[in-house]
A.B. asks: 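The structure's right below; bear with me while I get my questions together.
To find a chain, count down the sequence lines: A is the first, B the second, and so on, and within it residues start at 1.
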Amino acid sequence: MDRDRALALLHDMLLGRKFEERCAREYMNGNIAGFLHLYPGEEAVAVGVIHACEASDYIVSTYREHVHALVRGVPAGEVMAELFGKRTGCSRGMGGSMHLFDPERRFMGGYAIVGETYPVAIGLAYGIAMRNLPEAVICFFGDGAVNQGTFHESLNMAALWKLPVLFVCENNQYAIGTEVHRHSAVPEVYKRAAAYRIPTERVDGMDVLAVHKATEHALRQIRAGTGPWLLECLTYRFRGHSMADPGHYRPPVEVKAHQRIDPLELALRELSPIYPTPEQIAAAGPDAILKLRQYCSDQGHLPDEDFRQLEAQVDAEVEAAVRFALESPEPSLEDAWQALLANRRGETLL
Amino acid sequence: MDRDRALALLHDMLLGRKFEERCAREYMNGNIAGFLHLYPGEEAVAVGVIHACEASDYIVSTYREHVHALVRGVPAGEVMAELFGKRTGCSRGMGGSMHLFDPERRFMGGYAIVGETYPVAIGLAYGIAMRNLPEAVICFFGDGAVNQGTFHESLNMAALWKLPVLFVCENNQYAIGTEVHRHSAVPEVYKRAAAYRIPTERVDGMDVLAVHKATEHALRQIRAGTGPWLLECLTYRFRGHSMADPGHYRPPVEVKAHQRIDPLELALRELSPIYPTPEQIAAAGPDAILKLRQYCSDQGHLPDEDFRQLEAQVDAEVEAAVRFALESPEPSLEDAWQALLANRRGETLL
Amino acid sequence: MAEKIRYWQALNRALDELLAADENVFILGEDVGLYGGSYRVTEGLYAKYGEWRVRDTPISEDSFTGLGVGAALMGLRPVVEIMTINFALLALDAIINLAAKVPFMAGGRLPMGLTIRTPGGVARQLAAQHSQRLEHTLMNVPGLRIVVPSTPQDAYWQLKQAVLSDEPVVVLEHELLYFHEGPLDPAAPPPPPHRAIVRRRGRDLTLVAYSKMALLAQEAAERLGEQGIEAEVVDLRSLSPIDWNTCAASVARTHRLLVVEEDCRFAGAGAEIAAGLTERCFTRLEAAPMRLAGLDIPTPYNGTLEARTIPQVDDIVAAARKLVKEGS
Amino acid sequence: MAEKIRYWQALNRALDELLAADENVFILGEDVGLYGGSYRVTEGLYAKYGEWRVRDTPISEDSFTGLGVGAALMGLRPVVEIMTINFALLALDAIINLAAKVPFMAGGRLPMGLTIRTPGGVARQLAAQHSQRLEHTLMNVPGLRIVVPSTPQDAYWQLKQAVLSDEPVVVLEHELLYFHEGPLDPAAPPPPPHRAIVRRRGRDLTLVAYSKMALLAQEAAERLGEQGIEAEVVDLRSLSPIDWNTCAASVARTHRLLVVEEDCRFAGAGAEIAAGLTERCFTRLEAAPMRLAGLDIPTPYNGTLEARTIPQVDDIVAAARKLVKEGS
Ligand SMILES: Cc1ncc(C[n+]2csc(CCOP(=O)(O)OP(=O)(O)O)c2C)c(N)n1
Ligand SMILES: Cc1ncc(C[n+]2csc(CCOP(=O)(O)OP(=O)(O)O)c2C)c(N)n1
Ligand SMILES: [Mg+2]
Ligand SMILES: [Mg+2]
């Protein structure tokens, strides 16, 4: 992967991380309310997958979707404004954290009922197939969502009609407080794809380059008309399920071990020609991020000052997003009615 | 298999066939109404499976369940009376053809919404497991029902908690007018079991002895505590989906070919030590039933007069069932309210 | 020029014309294609338009309804057939949480040209699981429109309007209406889809009904007429929104309201109709509005009992006679 | 002796006692075990009773609710927790087509000691998919009972009654009530589960409300009292069946009815309450019954707007003032 692309990934991962951590702060400040599901730890999935897509592809995501929207190009200000419930938000303040939409960028939402992304995704894919277009649909879902009936129903239809969908499982190993082996008889999600004759791959979801490559591969085949694919990305969320959840059910050592293989560090690492071994990662300990950044800078691929500059740039972006959100007006009740009745416009029948 | 058991199977298969054909007539006569889904062609499944069960096992079935009830020992008169909507019916005239119940015989219904048998079955099995009993639950469903979300959800839970359920797929290759390869990306139902790590077997559902043997095997393991099993029985219904469906969507040659391997004939066949080859079956042509019966009688296992006697006995049973149904009284509206409020009895709170 | 046509044929014709006119329209559901539909509504369309436009689905109600939602988000006009409303219970997440809410949650920036066709109501001895009427459930969902055609002409008009609308619309058909015959003039200009129609004029009381009960109400009104009671019959045609003006104007004239519904009485559609009209006409009412509705009991299989759980023409006549005597 | 306790603690205590007293009782739902429940209701029970009595389920609402039905058929008393009522849309087949109908379809020969606990209502900025109130949908189902406790004492009583009953009962909790505090006397004898309670006496109008709105109605009544208007407040406690006698007796005294509900107005629970009481009290009413309800719009995320879509104490006060002026 060339340096530009790699740095673009790095930028988006940093943005994802810093944006989310800022959200946590703004939630504490009372500027964001409701359920707030943050993404730290999982950035490599959204960044790796979405960077491998075309602008004409559709993205369907869950309630943990801020970073997906950002990577897709939804302006950070519009995302933050939505979380603040403002009129300038990408969903006009009607949707909030769990329901980000941006039709122009084919970012098709933000669904808060576990398992809803599958049918929506196959519907978009049905339209693509019916019209014979070279587009595809990316459908995100968690490991817990695999047990919802719609998974089964929708994957069957996708395979039966060879619909262009890439199903991406963000397997962070927990559904709220329930570990994957306590909710799934077959905890390896990729193994479930065989029940629908869907080709599949399991990748290290902490390794953005692996995710990116696997996505490119899958999308090539999807566009060739062979039907859906399923990608299982093994990842981990550093925080609790949502801001309401301290995450006490996970042993501290488990969280720490995963932080060691922080995707951000893996991205930095890739910029160097020497790829650290699992032993090195394991030895890196909780301060792996620091160590790896140092290591990369040693190799001359990302001098310290460049990294600091990138960080500063991202900080500024996040700051600007917050400012935009803060200064934006609230929607009126009239706006809400407009949002409800928008599709009645032009109808002369009533 | 000993002669007594074999003749018991034969009796139940004959009863199943003749009962159903009589239902068709009574439907024409206006004594039965509503949706009437008949079983001819599939008898080997219900008979083979249920004869391998203990009386303490629970049976959960679909809307095509008359024969399951009969084999389970629900008196033919009570089943026919239910179809006639009478007060003496096994569901007191409230359930009808699709909702036969007999709690004493642990015949737990008759469910008309495709896919409902799975959750009900795992619920019973959960109770058994929680109480540590040696019982099991038999859960019937069709090939079309495999695509309902509850299949996926329930099989996952059954496997996760090692519940004692035998899932029996009656794969008659059609969901109403839609052939299995047009509704399932993986038309081999048994292959879907791997998604839940459930052991499975596919058997010839036209061969009652094969079905019986496979069921015994599965139930042995289930009672040993290894968790659920899935049995796929390949079968065929000779009639349309229901009395409202002439079944025109199936090529006549397909129906004929399946009638050749009529399960009734296979049962008769088994009584002889010489098992006909597939070639012999294929050569048998549409009159295979006649030929095989002749063949068996030649072997001295079932003399013609014994078979005629059996037939006459079954005819009399069916006739008596119809007479019982005809002569039984209708339920009153008061009976209906009683059925609704039965569980309120004894409640002093209201 | 009106011709005589069956209800199912009117729907079939509307679908045929919609498919021919707009390639964004497609149909999906169980056995709608090769088999031609359980009630023949999609007969012939698979052969004419092919499998991508008329799609046979697996038995996966929640997901194929949701598929319709996804397709509608990109501007298509899916027509989802749910074989009967009883199975819609499995698809309510797609209908309520997706179809009705997504455009709103997106700030009004996404279309939802989804149509859901499904027959409801008590047919003939299909027993409790197959005899449901879920109008109340759907009515309470903001963002959803519900039409309930009682005639072939309305079926034709309202289905076309539904499919051409950018809002999600449920077309609630009735299993016992499919083989009803009536006139159809395809060229006649349709009224708005939610407009109620006064099917019969009368001064003594107002019968408000919809779907099959609208036909029974008319029959009852004729019988009442012979007995000297002139009932005005309002066929709602739409359950969401309700055309309050037409109803209220009638009640203001007759001063008496009898709501006739097949839905269970308790928290059924009639509760809203009665409550809404009481609010609008309280001072004009000479007696308490009356609801004649299904009994609050699951539908028994037995045919005699089944009939007794829902209003019959005789019941309407009796209720109307009782109502005109009250308060006067 | 009454102690002060939170609503969630009252539920927790009831469950603990039920589990201890009867080994046929078991709990299942998402994160009810190890995690202790999203709203802490099942806290500590997993450690005490083990995984077979307190079962963490996958995210499979339809099937684990159906599992409860199956277990109830053999005489067990499952307590299914659906994390929020919004997810109950996925389980309605199990609730409506199974739990409420199977005993009837079996001719009354099977028990259904199933309890479904789930919080509904608008909480704080959870947006449209997470702010539903489905009481109307459940009310229309014959065979189902629905209780709506508004206090810790009622939560304790009614949950226990639900679990001990052989009928299927939905215990509709409220996300904003879990951390409310109130007295609990575990030894006090409970009223019947469906009995409505007059929370405050008054002669000028009757406020009928339930769940969180019952608390708001009492607050409003206090404020009205300061303004010289004496409102009687009836807390329904049960939505199915409804205790019509208690309500009608109050309306007969006050001659004015204001129904306060969080449900959307159109075809909401209030429609049945208003229609049912109009039928019972028509001649005693001096003004049309009034419904104060949620707006017919999906719940917006924005907090200010969210608050405006459901009744607030101010709104109740204003509506009551308006109502007492009417017709007099
Ligand atoms: C149908 C449904 N049931 C329950 C919930 C509550 N809930 C929200 S997120 C979640 C866990 C989902 O886990 P997973 O799919 O692994 O995604 P993750 O949160 O780990 O990203 C649950 C149970 C819901 N939103 N929808
Ligand atoms: C949820 C649901 N959807 C649709 C139907 C209508 N329906 C009844 S039987 C049937 C086909 C079922 O096929 P299969 O499971 O193969 O069973 P078979 O009838 O072949 O025995 C359908 C679609 C239903 N009863 N329930
Ligand atoms: Mg997860
Ligand atoms: Mg089949």
A.B. asks: For B/Asp102, which atoms come within 4.5 Å of any heavy atom of chain D: side chain, backbone, both, or neither?
C.D. replies: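 Backbone plus side chain of B/Asp102, per the 4.5 Å heavy-atom cut-off to chain D.
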A.B. asks: Please name all residues satisfying ring pair (Phe, Tyr, Trp, His ring centres under 6.0 Å) with B/His183, sequence neighbours left out, ordered by chain then number.
C.D. replies: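 B/His183: no ring pair (Phe, Tyr, Trp, His ring centres under 6.0 Å) contacts found.
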A.B. asks: Counting heavy-atom pairs under 4.5 Å to chain B, which of D/Val102, D/Val69, D/Asp93 comes out on top?
C.D. replies: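 It is D/Asp93.
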A.B. asks: What part of D/Phe26 is in contact with chain B, defined as an atom under 4.5 angstrom from a non-hydrogen atom: side chain, backbone, both or neither?
C.D. replies: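 It is the side chain, since no backbone atom gets that close.
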A.B. asks: Please state whether the side chain, the backbone, both or neither of B/Ile113 comes within less than 4.5 Å of a heavy atom of chain D.
C.D. replies: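 For B/Ile113, side-chain heavy atoms alone lie under 4.5 Å from chain D.
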A.B. asks: B/Tyr118 versus chain D, heavy atoms under 4.5 Å apart: side chain, backbone, both or neither?
C.D. replies: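 Neither part, no heavy atoms under 4.5 Å.
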A.B. asks: Please tell me whether B/His68 and B/Glu170 have a donor and an acceptor in their side chains that are separated by less than 3.5 angstrom.
C.D. replies: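 Yes, B/Glu170 and B/His68 have a side-chain donor paired with an acceptor closer than 3.5 Å.
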A.B. asks: Distance check, rounded to the nearest 0.5 Å: D/Leu110 atom CG versus B/Phe101 atom CZ?
C.D. replies: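 So the gap between those two atoms works out to 6.5 Å.
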A.B. asks: Judged by modelled atom types alone, do B/Ser154 and D/Ser63 share a side-chain donor-acceptor pair under 3.5 Å?
C.D. replies: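 Present: a donor and an acceptor within the cut-off.
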A.B. asks: Look at B/Gly109, B/Gly93, B/Gly89, B/Cys90 and state which one has the largest set of heavy-atom pairs under 4.5 Å with chain D.
C.D. replies: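 Ranked by contacts with chain D, first place is B/Cys90.
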A.B. asks: Can you tell which part of B/Glu104 gets under 4.5 Å to a heavy atom of chain D, answering side chain, backbone, both or neither?
C.D. replies: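 For B/Glu104, the side chain is the part near chain D, not the backbone.
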A.B. asks: At a 4.5 Å cut-off on heavy atoms, which part of D/Thr65 comes close to chain B: side chain, backbone, both, or neither?
C.D. replies: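 For D/Thr65, there is no contact with chain B at all, as no heavy atom is under 4.5 Å.
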A.B. asks: Mind checking what makes ring pair (Phe, Tyr, Trp, His ring centres under 6.0 Å) contact with D/His130, not counting sequence neighbours?
C.D. replies: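 For D/His130, the residues satisfying ring pair (Phe, Tyr, Trp, His ring centres under 6.0 Å) (neighbours in sequence not counted) are A/Phe35, D/Phe87.
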A.B. asks: Tell me, for B/Arg131 versus chain D, whether the close heavy atoms (under 4.5 Å) come from the side chain, the backbone, both or neither.
C.D. replies: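 B/Arg131 touches chain D through side-chain heavy atoms alone.
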A.B. asks: Let's test your reading of the structure: which of B/Leu160, B/Leu340, B/Leu124 forms the most heavy-atom pairs below 4.5 Å with chain D?
C.D. replies: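 Going by pairs under 4.5 Å, I would pick B/Leu124.
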A.B. asks: What part of B/Leu163 is in contact with chain D, defined as an atom under 4.5 angstrom from a non-hydrogen atom: side chain, backbone, both or neither?
C.D. replies: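 Just the side chain, heavy atoms under 4.5 Å.
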A.B. asks: Name the member of D/Pro142, D/Gly107, D/Gly50, D/Ala72 that forms the most heavy-atom pairs with chain B at distances under 4.5 Å.
C.D. replies: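 With the most close heavy-atom pairs to chain B, the winner is D/Gly107.
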A.B. asks: Between D/Leu28, D/Leu90, D/Asp62, which has the largest tally of heavy atom pairs under 4.5 Å with chain B?
C.D. replies: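 Option with the greatest count: D/Asp62.
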A.B. asks: With the side chain counted from C-beta on, respond yes when B/Asp57 and B/Arg106 share a heavy-atom pair under 4.5 Å apart, and no when they do not.
C.D. replies: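 A side-chain contact under 4.5 Å is absent here.
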A.B. asks: Do D/Tyr46 and D/Arg55 have a side chain donor and acceptor closer than 3.5 Å?
C.D. replies: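 Per modelled atom types, D/Tyr46 and D/Arg55 side chains form no pair under 3.5 Å.
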A.B. asks: Let me know if B/Ala336 has heavy atoms under 4.5 Å from chain D in its side chain, its backbone, both or neither.
C.D. replies: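 Both parts, backbone and side chain.
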A.B. asks: Begin from the C-alpha positions of B/Arg192 and B/Ser184 and carry the test side chain to side chain donor-acceptor pair (under 3.5 Å) through to its verdict.
C.D. replies: CA-CA 10 Å; B/Arg192 304 239 195 155; B/Ser184 286; 3.2 Å; yes
A.B. asks: Just how far is it from atom OG1 of B/Thr117 to atom CD1 of B/Ile138, taken to the nearest 0.5 Å?
C.D. replies: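 Between B/Thr117 OG1 and B/Ile138 CD1, I get 12.0 Å after rounding to 0.5 Å.
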